[in-house]
Amino acid sequence: MKYEVIVVGGGHAGCEACFSCANKGHKTLLITGSIDKIAMMPCNPHIGGSAKGIVVREIDALGGYMGKVADITHLQMKMLNYSKGPAVRSLRAQADKVTYPKEMQRLLKEHQNIDIIEDMVEDLIIENNKIKGVKLSAGTEILSDIVILTTGTYMKADILVGSERTRSGPSNTRPSLYLSENLEKLGFKLLRLKTGTPPRIQRDTIDFSKTKLEPGDDKLYTFSYDIKPQYKIENQMPCYLTYTTSKTHEIIRENLNKSSMYGAIDEKLGTGPRYCPSIEDKVVRFADKERHQLFLEPESKYFDDIYVQGFSTSMPHDVQELMVHSLPGLENAKILRYAYAIEYDAIDSKDLYPTLETKIIENLYTAGQINGTSGYEEAACQGLMAGINASLKLEGKEPLILKRDEAYIGVLIDDLVTKGVRDPYRLLTSRAEYRLLLRSDNADLRLRKYGYEVGLINKEQYDRLIQKENNIESIINELKNNYINIPAKISLYDYVKRTEVSINDVKDKLSKEYNELELEQAEIQIKYEGYIKKAKKEAEKMRKMENKKIPKDIDYDKVPNLASEARIKLKEVKPESFGQAIRISGVNPSDISILSVYMKRYFNE
Amino acid sequence: MNDTICAISTAVGVGAISIIRVSGEDSINIVNKIFDKDLTKQPSHTINYGHIIENNEIIDEVMVTLMKAPKTFTREDIIEINSHGSIATTNKILELLLNNGARLAEPGEFTKRAFLNGRIDLVEAESIMDLIEAKTDNQRKLAINGINGNISKLIKDIIDKLVGINANIEVNIDYPEYEDIEVVTKDKIKEISEYIEKELSKLLSESENGKIIKEGINTIILGKPNVGKSSILNKLINEEKAIVTDIAGTTRDIVEGQIRINGILLNLIDTAGIRDTQDKVERIGVEKSINLINESDLVILVFNNNEKITDEDIKLLEKTHNKKRIIVINKIDLDNKLDLNIFKDEEVIKLSALDNVDELKEKISNIYNLEELNNKDFTYLSNSREISLVKKAIEVSKNLNESLKNNVPIDMLEIDIKEICEILGEIIGESYDDKLIDTLFSNFCLGK
C-alpha cells in the first residue's frame with residue numbers, strides 16, 4: 001500500500017497536517033502511538049491567548065480545524081488585552097480536554113482520505129536524499145511521496161521528577177526511541193529541549209472561597225469565521241486566582257537541590273522555555289517578589305482535574321505535596337497528578353525551508369515541537385502550512401509562504417528558519433513587527449483568499465468574505481459622504497476618528513444595517529488610519545528588502561570583509577533575500593552593507 | 001573590495017612632505033616591489049627608512065610606515081609613504097604603485113573600508129571627514145568629539161530607554177493577566193517622550209551652534225553705495241588674515257573671504273556688485289543682495305554718518321528686520337548728518353573704518369557667545385543628514401505626545417516609539433538603509 005502523504009504523530013500539528021492534505025484530495029496516513037491520545041492537551045487547558053489566539057483565527061482563515069473544534073467544545077471564552085488596542089486583542093478559550101480531542105478524533109476517523117494506524121515510526125526510507133516512506137518499530141515499511149514529522153515531545157522523551165529520569169512520553173505514553181538518532185545520521189543537528197507541566201488538583205478538595213473568581217467574558221466570541229457562538233455566557237465555567245505564599249517560597253528554597261533542574265539530576269539538561277519558567281525558576285530569579293500569581297483552571301466538564309497555571313515544577317512528589325498545601329485554598333487539596341518536566345529531542349529549524357520542507361531530505365517536512373516550538377497553536381499552524389506546502393508540491397504548484405506582514409504564522413516560520421531556536425519558541429506579540437496589520441479582527445481579510453486559492457476554503461466561504469469586504473468599504477464610503485453639524489460641519493468619517501466617538505453612535509445614519517463585525521472593522525480602519533498607514537509603509541520597506549534576492553549559489557567565503565560570525569550564520573541559514581538576512585542574529589547592518597556592495601559587483605560583472 | 005587601493009593623502013604641492021597611503025591585502029607586496037628594504041621582514045607599526053626605486057634608479061628618499069591588519073584605520077594592511085613634497089615625485093610614486101597592482105582609491109574609500117570593516121560607525125565616518133577639513137580649533141574639537149562617539153553614546157542611551165519601555169509594554173501585552181511585571185502606564189510613556197523631546201531639541205539647538213562652528217557664519221555686509229562697506233570688509237580681512245580669498249563657484253555669488261574672530265569663522269559675502277555701476281546693473285545688484293539677505297546668518301548693515309537717511313536706507317532696514325543684524329554707523333570722523341532716531345532702541349556701533357573695526361568684532365563675538373561655545377562639551381550633530389533625522393525624530397515624539405493626549409491605545413503608541421528608535425538608529429548606522437551607504441561615501445574627497 002502506498003500513500004501520498006504520511007503524517008507521523010497525532011498532536012495538534014499532525015491533525016492539521018492530515019486535514020490540509022486530505023482536504024486537498026491526497027491519500028493520507030496518520031501514524032500515532034495511541035489513537036485515543038490524538039489531539040490531546042498534555043499541558044495547559046487553553047486554546048489561544050496573547051498572539052496565539054490570533055494564530056488560531058489565522059488557521060481558521062486558511063481552512064484549518066483548531067478554531068472550529070475549540071469553538072464547539074470550550075468551557076470559557078475571553079478576549080484578552082481588549083483595552084490595550086485592537087492590534088493586541090486576542091481570544092483565549094478554556095478548552096475541554098475530553099471533548100476537544102474526541103471531536104478532533106471523530107473528524108479524522110470520518111475523513112475518507114485519512115487512514116490511521118497505531119505504531120511508532122523509528123526510521124525513514126530514503127533514496128538519493130529523497131523520502132520514500134517510513135519504517136515502523138517492528139520493521140514494517142510503508143511507502144509515500146511525502147512524510148511530515150510531527151513528533152512533538154516524543155523523540156527520546158524523558159520524564160523528570162526530582163532525581164528520577166524515566167524514558168516516557170507525556171502522560172505515560174510510548175516515546176520514540178530511535179527516530180532522532182536516525183535523523184542525526186542523515187545530517188540533522190539535534191537540540192535537547194525541556195518543558196514542564198504543573199500538578200493537577202481534585203476540584204472538590206479546593207476551598208475556592210479563599211480564591212478570586214475569574215469568569216469568562218460577558219460577550220460571545222468565536223475563533224472561527226464560519227460558525228456562530230455555540231455557548232451561553234452564563235454557562236461558562238470560571239477559573240480562580242490564588243497566589244504563592246512566603247511559606248511556598250520557603251519550601252522551594254529549602255528543597256531546591258531536590259528539583260531535577262537544580263542539581264537533583266546531575267547532568268546537563270535540555271533548555272527550558274524562557275517564557276514559561278518553572279516555579280523554582282521564578283522564586284530563584286525573582287527573589288524579591290513576595291508572591292506569584294497562580295490560576296486554577298478546570299480541565300474538563302467530565303472530570304475533576306484543576307490545572308494550576310504558573311506552578312510547573314520538577315520537584316519530587318513529597319515536596320510538591322508541601323508546596324501545594326501552602327497555597328491559599330489548597331491547604332487540604334488532593335493532588336491527582338504530579339507535576340513533571342519532560343526532555344526531548346528537536347531538530348535545528350534552520351535546516352528547514354520556509355515551506356517547512358527540510359533542506360537535507362527532499363519531500364520530508366517537519367512541524368510543531370520537533371522544530372523547537374512550544375504551544376498547541378504554534379504546532380497546529382505549522383502542521384497546516386507543512387500540509388499545504390507538501391500538497392502544493394505534490395500538485396506541482398508554487399508554495400504558500402506567508403510574509404511577516406501577512407500573518408503571525410509567517411512571523412513564526414520565518415523566525416524558525418532564519419533565527420533558529422535555543423529554547424522552546426513561543427509566539428509573542430513582540431515578535432511581530434507589523435502587528436497592527438496582524439490583528440485578531442482581520443485574519444479573514446488577510447488570509448482567506450490564500451485559503452481559497454489553495455483549495456481549503458470553499459466558494460461559499462469565499463463569497464461571504466467578499467461580501468464582508470464590500471460591506472466594510474461601503475460603510476467607510478457612506479461615512480465619508482455624510483456630514484454632521486457639531487456645530488461645525490464635519491464628515492461622519494472624521495467624526496468617528498475622534499477618541500470619544502464610537503461607530504455605534506452614528507450607525508443609525510447609515511443606509512442599511514450592517515453586522516457588528518463589519519462595523520467594528522470599519523471603525524478600526526478609520527480610527528487608526530494614520531497608524532495603519534505607518535505600519536504599511538514600514539512593511540513596504542521590508543518587502544523591498546525581501547524582494548532583493550540573494551542568489552542560491554552565493555559563496556559567502558568570497559564576500560570580503562564580512563564579520564566572521566555573520567559569515568558563519570549566513571552560510572548556515574542561506575537566506576533567500578536581504579530581508580531574511582538582516583533578521584539573522586549576529587548579522588549586523590554593516591554586514592548587510594558589505595553584502596549589498598558585493599552583490600552590486602556580482603550583478604555588474 | 002579585496003583589491004589594494006592607494007591615493008595621495010596630503011594636499012598636493014603644499015607642505016614639505018607628501019603622504020601616499022596604500023591599503024589592502026597586497027599593500028606590503030606592492031610597496032615591497034618599489035622599496036629597497038624588505039618590508040615583509042619588518043614588524044607591524046614601524047617606520048622604515050629607505051628609497052623608492054624604479055629600475056635601480058632612486059626616485060626618492062622616504063620614510064615608510066608599516067601597519068599590519070587588523071589594528072589599522074581600515075583594518076587592512078596599510079602602508080604610508082612619506083615622500084618629499086614635490087608634485088612630480090609624489091605623482092611618480094603613485095604611478096609606480098598603480099603599475100605594481102594597486103588601484104587608485106575612489107573618493108572616501110579608505111573611510112568606507114574603515115566603516116565596512118567595522119572599525120568606525122557612521123557618525124564617526126562623517127566626523128573623520130570633518131576633522132580633515134577642520135580649519136579652526138573649534139571645528140577640530142567638534143570633529144574629534146564625533147570620533148569619540150559622543151553622539152553615538154547619547155543616541156544609544158535614548159534608544160536603550162525606548163527599547164526598555166517597549167519591552168515592558170510588550171510583556172504587559174503578552175502576559176495580560178499577570179501582575180508580576182510593572183504595568184507601563186501612559187504617564188510613564190509621557191515622561192519618557194517628554195524627556196526625549198527635550199534631549200533631542202537640546203541636541204538640535206546645540207547642533208545649530210555646531211553648524212556655525214563647522215561651516216562658519218554666512219555674513220553679508222549691506223548698505224547703499226559709498227557708506228564704506230568695502231572699507232569695513234577690507235579692514236576685517238586685513239586685520240584677521242583671510243584664510244581664503246575669492247572662493248568662487250557657490251550658488252550664492254562670491255564669498256569675499258573667510259576670517260576668524262576669536263575662533264568664530266565668518267564667511268564674508270560680498271555685495272560689491274552695487275558699487276560703481278550703471279543704474280540698470282545697479283538695480284540688479286540691489287535685487288541680488290536682497291536675495292542674499294535670506295540666505296545669510298548675519299547681516300552687517302552699514303550707514304553713512306555723513307549723509308541723510310534715504311528711502312533706500314529705510315528699505316534695507318525693513319528688509320533685514322527679522323534677521324540677526326548689526327547696525328554700523330561708519331565715518332564718525334565726519335560731521336553727523338544721519339538722524340539716529342530712525343534706529344529707535346536698537347544698539348548701533350559707531351566707527352570709522354579707516355581707523356579700526358574693533359567694536360564690530362567684539363559685537364560679533366558677543367552675539368555668538370564664544371565663551372559658552374568654547375566651554376561646552378561638543379556633543380553636536382555636525383551635518384545636515386543627522387540634523388534632519390533628529391528633526392524627524394522630534395516630530396514623531398511630538399506625535400506621540402499628541403496621541404497620548406488623545407487617549408490612543410498603548411499598542412499604537414508603541415508604533416511611534418519604534419519609529420523613533422528606527423530614525424535614531426539610522427543616525428548611528430544601526431538601522432540599515434540601502435541608499436545611505438550608496439550616497440554617503442561619495443561625499444568624501446580622494447585619499448582620506
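Keep in mind that the numbers below use all heavy atoms, side chains included, and drop hydrogens, waters and symmetry copies.
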Student: Under 6.0 Å from the NZ atom of A:Lys536, do we count more than 12 heavy atoms belonging to anything else shown?
Tutor: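 Counting neighbours around NZ of A:Lys536, 12 or fewer heavy atoms of other residues, nucleotides or ligands fall under 6.0 Å, so no.
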
Student: Distance check, rounded to the nearest 0.5 Å: B:Ile415 atom CD1 versus A:Lys533 atom NZ?
Tutor: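 Answer for the CD1-NZ pair, B:Ile415 versus A:Lys533, is 14.0 Å.
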
Student: Any chance you could measure A:Lys84, atom NZ, to B:Asp411, atom CG, to the nearest 0.5 Å?
Tutor: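 So the NZ of A:Lys84 and the CG of B:Asp411 are separated by 10.0 Å.
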
Student: Does the A:Thr499 side chain pair with the main chain of B:Asn406, one donor and one acceptor, at a distance under 3.5 Å?
Tutor: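 Side chain of A:Thr499 to backbone of B:Asn406: a pair is present.
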
Student: At their closest point, which heavy atom of A:Tyr531 faces which heavy atom of B:Met412, and how far apart are they?
Tutor: CE2-O, 3.2 Å

Student: Which atoms of B:Ile173 come close to chain A, meaning under 4.5 Å heavy atom to heavy atom: side chain ones, backbone ones, both, or neither?
Tutor: both

Student: If you take all heavy atoms of A:Glu433 and B:Lys418, which pair is closest and at what distance?
Tutor: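 Answer, listing the atom of A:Glu433 first, then B:Lys418: O-NZ, 4.3 Å.
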
Student: What part of A:Arg498 gets within 4.5 angstrom of chain B, counting heavy atoms only: side chain, backbone, both, or neither?
Tutor: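 When you check distances to chain B, no heavy atom of A:Arg498 falls under 4.5 Å.
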
Student: Between A:Arg92 and chain B, which part of the residue has a heavy atom less than 4.5 Å away: side chain, backbone, both or neither?
Tutor: side chain

Student: Let me know if A:Ser83 has heavy atoms under 4.5 Å from chain B in its side chain, its backbone, both or neither.
Tutor: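 For A:Ser83, the contact with chain B is made by the backbone alone.
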
Student: Does the side-chain contact (heavy atoms from CB on, under 4.5 Å) test come out yes or no for B:Val408 and A:Lys527, once each step is laid out?
Tutor: CA-CA 9 Å; B:Val408 166; A:Lys527 271 203 184 335; over 6 Å; no

Student: Please state whether the side chain, the backbone, both or neither of A:Leu428 comes within less than 4.5 Å of a heavy atom of chain B.
Tutor: both

Student: State whether the number of non-hydrogen atoms from other residues, nucleotides or ligands found under 6.0 Å of A:Glu290 atom CD is greater than 12.
Tutor: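 No, because the 6.0 Å sphere around CD of A:Glu290 holds 12 heavy atoms or fewer from other groups.
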
Student: Evaluate whether atom NZ of B:Lys190 has more than 12 neighbouring non-hydrogen atoms of other residues, nucleotides or ligands under 6.0 angstrom away.
Tutor: no

Student: Quick one: what part of A:Lys78 sits under 4.5 Å from any heavy atom of chain B, side chain, backbone, both or neither?
Tutor: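 Answer is side chain: those atoms of A:Lys78 sit under 4.5 Å from chain B.
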
Student: Are any of the side-chain heavy atoms of A:Pro86 and B:Pro409 separated by less than 4.5 Å?
Tutor: yes

